[in-house]
Number of protein chains: 2
Amino acid sequence: MSSIPIRPDVPLGAPHERSDAARNRERLLSAARDLVAELGAEALTMDALACKAKVGKGTVFRRFGSRAGLMMTLLSDSESEFQHGFMFGPPPLGPGAAPKDRLVAFGEGRIYFVLENGELLKAAGAATRNRFDVPATKLSHRHMEVLLREAGIADPWVMAMSLTYALDPERIVDDVRVRGISPTRLADSWRELVTRLLRAA
Amino acid sequence: MSSIPIRPDVPLGAPHERSDAARNRERLLSAARDLVAELGAEALTMDALACKAKVGKGTVFRRFGSRAGLMMTLLSDSESEFQHGFMFGPPPLGPGAAPKDRLVAFGEGRIYFVLENGELLKAAGAATRNRFDVPATKLSHRHMEVLLREAGIADPWVMAMSLTYALDPERIVDDVRVRGISPTRLADSWRELVTRLLRAA
DNA sequence: ATAGAAAGCGGACCATAGTCCGTTTAGTAT
DNA sequence: ATACTAAACGGACTATGGTCCGCTTTCTAT
């Protein structure tokens, strides 16, 4: 067969990924997952990754751009799942419930999501100047913005930003792991925040 | 004269600062201020500072502990002033006004404070694992906590944490400088947040 | 004045993210 | 099959925050 191979996720007309590139990407991803599983995301160094994947350091950076980029790639599956939940899933997280209830559910979901992927998220956010250029972050922000607008907030864009920072991964992880606040308590406080913010005048 | 020299700010019984240490501290502080003025806080490297102050690198770290520590030292004057404002100054920022109004004023004040000292604050917060171990941050948090408790919030400690992150220096600076949001708009949104959060049921 | 102790000093050294560029290799056109 | 080109590669190199430890200075007790 001489047909063009199917490459999902590659924008039409993208210049074709070379076979060695594909192979190295697999090796890197696999090695990275191993290292994270065995030492934790925080302890993963780019040198160690390159070495374990039997690849030059330049290749690692060519592929992921930065340490943060690597962490984002590692996160993308879980992240997509969470996104799917609030965009298409059943209410109250998904469409169909009142904005207030969706926001409460969103925050709760986010808290538990962060606690499951905390190391990766911290590593992804910490390194570079892209804390907010991450597509996933943009999407979450936009989601909250829409809900806040529906609920009659005057400046939903800025308010969504405030709430985004209130749910900052570092904040959540440190509250729970360093300052000993239970996830439930965080979720309850989030509920109080959203409830008071959005109740009718 | 053989009397003990007066050393304000040094806790009683502190082990006495040696004269060479004092001299180097002055040199370092002065050099650091020069470098910040001339290149900006972001571009200040510890090597350059040591070099400019004619001091070994070890001395720099002995004195300030880390880059973040240095930035905090550089900030401490402005920070004290702001603290004095919300603790002892005239209402609505200081005592005497309703908690809601004090919180609104606090956030506004904080926004403008951050915009004046943004580079330093970002540099102070970014480097180490002490984002919340900073005394100044603790004090701000405690201040908000007290106001929120007075206003009937169920879990003022956690809520104060949410608001602390909503006022994160990086968030404020990037909103204004990268995303083009005006300080006024930020302040208005903060007012909306606090007003809705604290209005009577 | 002197000696001893403790604090301070300096700069070589380390770890790690990220860059650079000469070399290799996969795909392609002939 | 061959030659050509653009992409990919690898690892030496740079920048920078932070550590270590043997040497020096200051202070104090005698």
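Naming: A, B, ... by sequence-line order, numbering from 1 per chain.
- A/Arg23 comes within 4.0 angstrom of nothing in the nucleic acid, heavy atoms only.
- Each of B/Asp47 and B/Ala21 was assigned the nucleotide of DNA chain C with the nearest heavy atom; the assignment lying further toward the 5' end belongs to B/Ala21.
- Checking the phosphate oxygens (OP1, OP2) of D/dA8, no side-chain nitrogen or oxygen of A/Asn24 falls inside 4.0 Å.
- Nucleic acid contact for A/Arg25: none, since no nucleic acid atom lies under 4.0 Å from a heavy atom of the residue.
- Between atom CG of residue A/Leu120 and atom OG of residue A/Ser78 there is a gap of 7.5 Å, rounded to the nearest 0.5 Å.
- Contact check, B/Arg18 against C/dC9: no side-chain N or O comes under 4.0 Å of OP1 or OP2.
- A/Ser162 and B/Arg171 share a donor-acceptor pair across their side chains, judged by distance under 3.5 Å alone.
- Phosphate proximity of D/dG10 to A/Thr59: present, with a side-chain N or O under 4.0 Å from OP1 or OP2.
- A distance-only check finds a donor-acceptor pair linking the side chain of A/Arg102 to the backbone of A/Gly94 [under 3.5 Å].
- Neither OP1 nor OP2 of D/dA7 sits under 4.0 Å from any side-chain N or O of A/Arg62.
- Using a 4.0 Å heavy-atom criterion, one finds that B/Leu44 contacts the sugar-phosphate atoms exclusively.
- Projected onto DNA chain D by closest heavy-atom contact, B/Lys57 and B/Ser19 fall at different nucleotides, the more 5' of which corresponds to B/Lys57.
- When ring centroids are compared, B/Phe106 and B/Phe82 come within the 6.0 Å threshold.
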